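Step one of this worksheet: look at the structure below.
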Amino acid sequence: MKRLAGLVLIMVILLFTTNLSAVGAISGNEILTELDNTMKAESKYMQQEMLLYSTSGSERSRTLEAWNKAKDGTDQMLARFTGPANIAGTSFLMVDDDMWLYMPALGKVKRIAGSAKQGSFMGSDLTYEDMQALGNTGFKNNYRAEFIGEEEIDNKSSYHLELVPASAEISYKKIEIWVDCSNWLPLKIDYYNSSGELEKVLTTSGHKEIDGQWTAGRMEIENKSKGTKTVLVIKELNFAEEIPEQIFTTRYLERGQ
Amino acid sequence: MKKMLLSILISLVIMAVPAFARNTAASDLLKGEFSLYSTFQGEGRSIPDLNTRFDLIFAEGDWDNEFFVELNYAGNLQHNDFNLDLGEAYYKYYGDNYDLGIGQQVISWGTAVEFNPTDNINPVESPELFTGKRPIPMFYGTYYLNNNYSISGVFVPFHQPVMTTVNIQENEFAAKKVAGDWQNSKYALKFSAKGIKGVDYSLSYLHGFEDLPTIGRLETPLGPQPDPTNIYFRKYDIIGADIASSYQGVGFWGEAAYFHPEEGEGYYSAVLGADYKFAGGYYLEGQIIYKKDQMLNENILLQGAVEKDLLTIHTFRTGMVYNPETKGIVLKPEINLSLTDEACLKVDYQFIDGEPLKTNMNILPPMKDSLGVELWYAF
């Protein structure tokens, strides 16, 4: 009986310490690295529907296509609105910190000031800075992460992280992220503005594996301070297709209008 | 020769249609815009103008080529006075390291906002400040040296002036037309660099005839007077340069052009500007404009604008032009209300006090206060 009790005690201790070491073994920065690696794609083409909701609840729909590519540490994105007719052809190019906009009504490519990164991405509740972080740039380069604990979000087990900016260029005071334990995708992100108030809440759903890469089929961004909302729904996604390098040049902003 | 060249250009554009139509339904080629706008001008006008405009666009494009034809049907509803015009109508072919375009089109050069000294290919729609450009027939090509550097060339076969008559002491006089010879063609070259250590810049050269006529002067005992029998267009060369970059989040740009006429004194214009987007969503833009025109009118203008999204889907903008010398000012607040995905309502008011532009010899119509309302639908 004593031997049995001793064995049970050893097993309980072993189980307890193993579980502790499993959580303790992974740090906030390691979770962030996994998150960045999951969100990052060497090459990505997608068609999206962007739904904008005003404070009064009015809904406006936009459709766009976007090409992303990461090469030699350079992040590149070309995005183009395909509808509705009054904004179709408006295109945006980002190559690292350089950004250009093409508006068919102006008929020329315009360089965008760096401060525009804090501004709305194509009228949505996401900023260019948010788009970069959710794309190839990731969070790890600009934030330091602290592991808060494991929590349930929408019946899914997640790692709760708190991120503080590593540089003064970041416009948020802090970010909280809940990372899905099963696929390393963000389930929820809380953005806190420079005053420390909760500004935006991003939630993802429709997680699926495409071409061996996990991605969220739907993103909802609720702006708590403005009372507005943006929903991004992926209509088509392709990680496998090779995207020619010259697409990420200003000449392609004007093409194929 | 003008008719022959126009026929060639239109034929080439029409020939391009079947190439797209083979794989595309006619309804997919069709796009359009309809607008109904009313402008109320002060000073004695009690009934506002009620105008309408319908633009029908046949367009199709991909990474390799693009076809575009725009028909504009516009006029005044009160006087039942309508005109059908051909807007932009072109075919563009995009090669691996070059682009070619042929047809009636608008080519915009320069980095400044609303006033671009280096943008002299298309004539302006009217000789006022900050107006749009009129499409004209041309050949256009760009050769890309690599992903950052390119050389563009434009050839406009014949002269397309902004205006062909001039009002002198309430009488209208015609300017001598520029003969439609090859030697009178307009041509331009531009060397562009994009994304060079965070800087875009370009250098350009243009040869052609001025868009506005020059009025000869008669020496009289009372001093020099305008000569209505000697109104003509001068040949000129333009050298231009522009630059744009961003520092500490502030975007800035500069643009300048020197105009060297075949006869008479040279003149130049320059713009320095900056913009910034605040975290709260406000976009602020400002420019200092030095403008010396062919009549040697010299103006320094301060131009600025504030923009802000309203409730995510609407926009508000206020533009301003101030002349420190004459104390003249133009203020133009405007609001764009998004009614549906396809329709919007724009309301603007133009307030003018004093003379925003100082002129020695004025051939421009006087600027007036106005209120504009436009309902706009795109499909």
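Naming: A, B, ... by sequence-line order, numbering from 1 per chain. Predicted, not measured: the structure shown is a model, and the values here were computed from it.
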Kindly give the heavy-atom pair with the smallest separation between [X] and [Y], and that separation in Å.
X	Y	value
B:N116	A:K108	OD1-NZ, 3.0 Å
B:S246	A:G114	OG-N, 2.9 Å
A:R251	B:D96	NH2-O, 2.9 Å
B:V250	A:A113	C-CB, 4.1 Å

Are A:R255 and B:D64 close enough for a salt bridge, meaning some N to O gap below 4.0 Å? no

Kindly determine whether A:N86 and B:W376 satisfy side-chain contact (heavy atoms from CB on, under 4.5 Å), including the steps that lead there. CA-CA 9 Å; A:N86 60 346; B:W376 191 78; 3.0 Å; yes

Part of B:L284 lying under 4.5 Å from any heavy atom of chain A: neither

Okay, B:Y276 and chain A: the region with an atom under 4.5 Å from a heavy atom over there is both

Identify which of A:S120, A:G83, A:S115, A:S194 forms the greatest number of heavy-atom pairs closer than 4.5 Å to chain B. A:S115

Chain B shares the most heavy-atom pairs under 4.5 Å, among A:G119, A:S58, A:A85, A:S56, with A:A85

Does any backbone or side-chain atom of A:S61 lie under 4.5 Å from a heavy atom of chain B? Answer side chain, backbone, both or neither. both

Do A:R60 and B:S338 get their side chains close enough for a donor-acceptor pair, meaning under 3.5 Å? yes

